[in-house]
*Asks:* 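Pasting a structure below so you can have a look.
All values below were derived from every heavy atom in this structure, side-chain atoms included, with hydrogens, water molecules and symmetry-related copies excluded.
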Amino acid sequence: MGGVEERRVEVVVVPYPTQGHINPLLQFAKHLAHRQLKVTLLLIPSSNSHDSSTHLPLTVHHVSLLPYHGTKPEAVEAFWERRHASISHHLTQLLARHQDQSDPIACVVYDSIMPWILDITKQFGVLGASFFTQSSAVNAIYYNVNKGSLNVPLQQTTVSVDHGLPVLHPSDLPSFVSDGVKYPAILNFLSDQFTRLNDADWIFANTFDTLEQQEGEWMGRQLPFKNIGPMVPSIYLDGRLPNDRDYGLSLFESNTDSTMKWLDSKRKKSIIYVSFGSSAELGKEQMEEIAWCLKLSNRFFLWVVRESEIHKLPPSFTDETSEKGLVVKWCPQLEVLAHESVGCFVTHCGWNSTLEALSLGVPLVAMAQWSDQPTNAKYVEDVWKVGKRVRVGEDGICRREQIEECVSEVMEGNESEEIKENMRKWRELARAAMDDGGSSNTNINHFVQQLLRNNTQ
């Protein structure tokens, strides 16, 4: 790959400091480093980060939080403002240090939900590239909110962004849109992603052309979006990056060996894998419904339950299900999804988890919680037809019978063969997007080539 000191064109990548946003931007950074660019990842680490950055082909610049000077417990909004200020401070210092060097920073790739970074890049005459970590369908929804074409609170019972795109009901929309009264600040935060894009030099999205062809074309008519996904470790797609089996930076640490040995002992396609990501918080009643479903299903299961949620499990659940199930605090999700014993994935339908399942061919049981997850779940069941969506009761709970029905349908029901065949198709298209000549790979190459040309002028 060549030493870092030999590279002259440098790119700084700035993810929003949560695991779901770090992973795709970090993966993109690795693709840039593989193409002989010098890459620095600007990151605020958490107190319990599991840092394997020494194995990454790039530099991780840890951003320390600016001190808190208040006398009372810090409010959530104030904490995020302090993160904002910390990233701004350190990025400004980094750009200033490099400004007069022989190899100044050429471009900053930033998470789209931090559009204010463009103000900093323009101050130093540095190019800016906005990176959207959500689907084109979700981008289209937030774009319409930003432009006033979709009013919140909702005035209609169905939403149609454009002819050719599926008609969406309120339950199919991101929770910040369907319940905008409850989340006005977050909705403004997300719709603001589109406020300064006319000043961005590139706009990237973590999806691929064939997965969201009409949605991507619609967004492309509004702004010059380029799809560069799926940003999943290379070993599971194109194999372009050597030994690229995981993202490389995690806010959690897992016991990989014991989990994989347990999976090795089970027959092919027999296990229900259950995980709700790094941030979704399920209530006690919902946790109990999932637990009862798994216990009564009499199937093998692997369930990721974070330490902060273990107390929500029914008493003696782990002991009573020890012959069938394994409950872990965290696990290497990509390795699990790639394992032949996994038959389906019960998921919150976060975009990263959805892309990982599509890339690895694992059918989905979608239990959307909030944010963009309801829209992803809609596409899983009705557009891509790669799984089933668990319906939520009037009390907001997915009941055990509904979960079990969806699991059974995906694993062995009348629709299971169609779902598996569709999964095989999307898996091949995901790989094709990242292969030589694939649309996503081509877009990444064009970006790198333009940076190299700019550097020689």
*Asks:* Hey, is NZ on Lys226 packed in by over 12 heavy atoms from elsewhere, all under 6.0 Å?
*Replies:* no

*Asks:* Going by heavy atoms in the side chains, are Ser130 and Arg196 under 4.5 Å from each other?
*Replies:* no

*Asks:* Which residues satisfy the side-chain hydrogen bond (donor to acceptor under 3.5 Å, both in side chains) test with Arg35, sequence neighbours excluded?
*Replies:* His31, Asn441, Asn445

*Asks:* What residue pairs, at least two apart or across chains, pass salt bridge (Lys or Arg N to Asp or Glu O under 4.0 Å) with a residue in residues 121-134?
*Replies:* Lys122-Asp201

*Asks:* Which residues satisfy the side-chain contact (heavy atoms from CB on, under 4.5 Å) test with Ala137, sequence neighbours excluded?
*Replies:* Ser135, Glu212, Glu215, Thr375, Tyr379

*Asks:* Inspect the surroundings of CD in Glu307 and state if more than 12 heavy atoms from other residues, nucleotides or ligands are less than 6.0 Å away.
*Replies:* no

*Asks:* Taking side-chain contact (heavy atoms from CB on, under 4.5 Å) as the definition, give me every residue that meets it alongside Leu95, ordered by chain and number, with sequence neighbours left out.
*Replies:* Leu91, Ile105, Val108, Ile120, Phe124, Val126

*Asks:* For the backbone of Pro230 and the side chain of Asn206, can you confirm whether one donor and one acceptor N or O come within less than 3.5 Å of each other?
*Replies:* no

*Asks:* My understanding is that only residues two or more places apart in sequence, or in another chain, count here; which of them pass side-chain hydrogen bond (donor to acceptor under 3.5 Å, both in side chains) with Ser275?
*Replies:* none

*Asks:* Just to verify, what does Glu409 make a side-chain hydrogen bond (donor to acceptor under 3.5 Å, both in side chains) with, not counting sequence neighbours?
*Replies:* none

*Asks:* For His169, give me all partners under side-chain contact (heavy atoms from CB on, under 4.5 Å), at least two apart in sequence or on another chain.
*Replies:* Thr158, Ser171, Asp172

*Asks:* Any pair with a residue in residues 346-371 that passes ring-ring contact (aromatic ring centres under 6.0 Å, His included), sequence neighbours left out, goes on the list, sorted by first then second residue, please.
*Replies:* Phe176-Trp370

*Asks:* With sequence neighbours left out, which residue pairs that include part of residues 434-443 fulfil the salt bridge (Lys or Arg N to Asp or Glu O under 4.0 Å) condition?
*Replies:* Arg240-Asp436

*Asks:* If the condition is side-chain hydrogen bond (donor to acceptor under 3.5 Å, both in side chains), which residues does His339 pass it with, not counting sequence neighbours?
*Replies:* Asp264, Ser341

*Asks:* For Thr210, check side-chain contact (heavy atoms from CB on, under 4.5 Å) against everything at least two apart and list the hits.
*Replies:* Phe208, Leu429

*Asks:* For the ring pair Tyr273 and Phe300, is the centre-to-centre distance below 6.0 Å?
*Replies:* no

*Asks:* Restricting to pairs with a member in residues 334-363, which pass salt bridge (Lys or Arg N to Asp or Glu O under 4.0 Å), not counting sequence neighbours?
*Replies:* none

